[in-house]
Amino acid sequence: MRVQIVGRGRVGAAVAHALVGSGIEVLPLAGRGADGTGQDGAVADVVLLAVPDGAIADAASRIVPGPIVGHCSGATGLDVLRPHPAFSLHPLLTVLGAGTSFAGAHAAIDGSDERALAVAQRLADALGLETFRVRGEDRAAYHAAASIASNFLVTIEGVAERLAATAGVPRQALLPLASAALSNWGARGAEAALTGPVARGDEATVERQRAAVADRAPDALALFDALVEATRELATDPASRSATDPASRSATDPVSPSPVTQLSNTSDLSRFSDENPGSDPNHGRDPKYVTPQAHDREDHR
């Protein structure tokens, strides 16, 4: 398979570098005016557009008939690639340019037909990616989920950092809490990972927290209120914790979750990447530790 990658930015460079040695012939990186032919005049079998979302349609229109054409966008469907047979390949990790390792990350793929989908899968396999299929009608929801998991997580931690600073508490002091929460969510899901005063129904503590936010970070009060309400809804979900997490604690093991001090490599959402899948969610966590029930949760959140 002969592949031309269009786009000389971080994404194009990273994919081209990672594909070298995989058994796939990769042509020299091309600019947005490329038409799918190599320097020898031969047409590529596959053209992968690693360009900004707004430039995909124009770049696709320049490709000569023949190649299967794909893009690396998370939010964009396949319509912009018509009339070419089309696919999409969107890895969920931050791309820093040549040298980025894709191995072990996940990726969303799609294809306009089985042949195009097979090309997406072959490229993903060559990059070491685990794949799932996301069709056009689901792209916006998928991309929003990735943004929430990555961008909004950082935004919330930024508010926590700013509020902590008003009490002389450094950002690094919050890291074990954030790390454990993320790890427990990855291992058990949101409801089972939830701890803190809202989950316990400790409204007096919540009100004291709210007053502190109003006093020291008033611009974050609306966000705090919204998050408290969303947390209440999660904590009172009718699905029992034992039903959603068979490994939830037994009566003989009332301990709190073991703090995890190694934070997964999450980072900001770029045009191409939405979320680093991180490492094993159980890393650093003794499997005997489980998430406590709401009435037993310790007041350390």
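Quick caveat, the model's predicted, so the values are computed rather than measured.
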Under a 3.5 Å distance rule, please check whether Gln4 uses its side chain to pair with a backbone N or O of Val26 as donor and acceptor. no

Sorted by chain and number, sequence neighbours left out, salt bridge (charged side-chain N to carboxylate O under 4.0 Å, His left out) with Glu203 holds for Arg232

What's the shortest heavy-atom distance between Thr100 and Thr94, and which atoms? CG2-O, 4.0 Å

If two hydrophobic side chains count as joined below 4.5 Å and joins carry through other members, does Trp185 share a cluster with Leu174? no

Between Leu182 and Val198, is there a shared hydrophobic cluster once you connect ILVMFWY residues whose side-chain heavy atoms come closer than 4.5 Å? no

Non-neighbouring partners of Arg8 that pass salt bridge (charged side-chain N to carboxylate O under 4.0 Å, His left out), sequence neighbours left out: none

Side chain to side chain donor-acceptor pair (under 3.5 Å) filter on Arg171, not counting sequence neighbours, yields Glu161

At what distance, to the nearest 0.5 angstrom, does CG of Leu81 lie from OG of Ser112? 8.5 Å

Between Gly111 and Leu117, what is the shortest heavy-atom contact and its length? N-CD1, 3.6 Å

Please check if the number of heavy atoms outside Glu114 that lie under 6.0 Å from its CD is greater than 12. no

Just how far is it from atom CZ of Phe102 to atom CG of Leu92, taken to the nearest 0.5 Å? 12.0 Å

Take atom CZ in Arg133; do more than 12 heavy atoms of anything else shown fall under 6.0 Å from it? yes

Just to verify, what does Arg115 make a salt bridge (charged side-chain N to carboxylate O under 4.0 Å, His left out) with, not counting sequence neighbours? none

Tell me, do Leu129 and His106 make a side-chain contact under 4.5 Å, heavy atoms counted? no

Could you label the plane-to-plane angle of the His143 and His90 rings as parallel, tilted or perpendicular, counting under 30° as parallel and over 60° as perpendicular? tilted

side-chain contact (heavy atoms from CB on, under 4.5 Å) between Gln209 and Phe224: does it pass, once the steps are laid out? CA-CA 9 Å; Gln209 291 178 343; Phe224 179 85; 3.8 Å; yes

Does the side chain of Leu27 come within less than 4.5 Å of Ile5's, by heavy atoms? no

How about Asp113 and Pro85: do any of their side-chain heavy atoms sit closer than 4.5 Å? yes

Can you see whether Asp53 engages Ser73 through a side-chain donor-acceptor pair at a distance of less than 3.5 angstrom? yes

Val134 and Arg139, any side-chain heavy atoms less than 4.5 Å apart: yes

So which heavy atom on Gly7 is nearest to which on Val51, and how close? CA-CG1, 4.2 Å

Mind checking salt bridge (charged side-chain N to carboxylate O under 4.0 Å, His left out) for Asp225 and listing every partner two or more places apart, or none if nothing turns up? Arg210

CD1 of Ile56 to OG of Ser88, rounded to nearest 0.5 Å, is 9.5 Å

Rounded to the nearest 0.5 Å, how far apart are CG of Asp215 and CG of Leu163? 10.0 Å

Taking every non-hydrogen atom, the tightest pair across Ile63 and Gly36: CD1-N, 3.9 Å

Nearest 0.5 Å, please: how far is CG in Leu234 from CD in Glu229? 11.5 Å

If two hydrophobic side chains count as joined below 4.5 Å and joins carry through other members, does Leu175 share a cluster with Ile156? no

Mind checking whether Val46 and Phe87 have side chains closer than 4.5 Å, heavy atoms only? yes

His71 side chain to Gly77 main-chain N or O, any donor-acceptor pair under 3.5 Å? yes

Does anything in residues 17-26 form a side chain to side chain donor-acceptor pair (under 3.5 Å)? List the pairs, not counting sequence neighbours. Arg2-Glu25

Ignoring hydrogens, what is the shortest heavy-atom contact between Gln121 and Ile109? Give both atom names and the distance. OE1-CD1, 3.4 Å

Carboxylate-amine/guanidinium proximity below 4.0 Å for Arg82 and Asp79: yes

Under the criterion side-chain contact (heavy atoms from CB on, under 4.5 Å), I'd like the reasoning laid out for Leu153 against Ile148: C-alpha separation, chi angles, the key distance, then a yes or no. CA-CA 6 Å; Leu153 177 62; Ile148 293 169; over 6 Å; no

Output, in order, the C-alpha distance, side-chain angles, deciding distance and verdict of side-chain contact (heavy atoms from CB on, under 4.5 Å) for Ile68 and Asp45. CA-CA 6 Å; Ile68 299 175; Asp45 301 305; over 6 Å; no

All heavy atoms of Leu78 vs all of Ala86, minimum pair found to be CD1-O, 4.0 Å

Check: Ser150 side chain, Ala146 main-chain N or O, donor-acceptor pair, under 3.5 Å: no

For Arg162 and Ala217, indicate whether the former's side chain and the latter's backbone hold a donor-acceptor pair under 3.5 Å. no

Under the 3.5 angstrom rule, does the side chain of Asn184 hit a backbone N or O of Ala180 as a donor-acceptor pair? yes

Rounded to the nearest 0.5 Å, what's the gap from CZ on Arg122 to CD1 on Ile24? Could you check? 5.0 Å

Are Val43 and Val69 linked, directly or through other ILVMFWY residues, by side chains that come within less than 4.5 angstrom of each other? no

Side chains of Val3 and Val47: closer than 4.5 Å at any heavy-atom pair? no

Is the closest side-chain heavy-atom distance between Val159 and Leu223 below 4.5 Å? yes

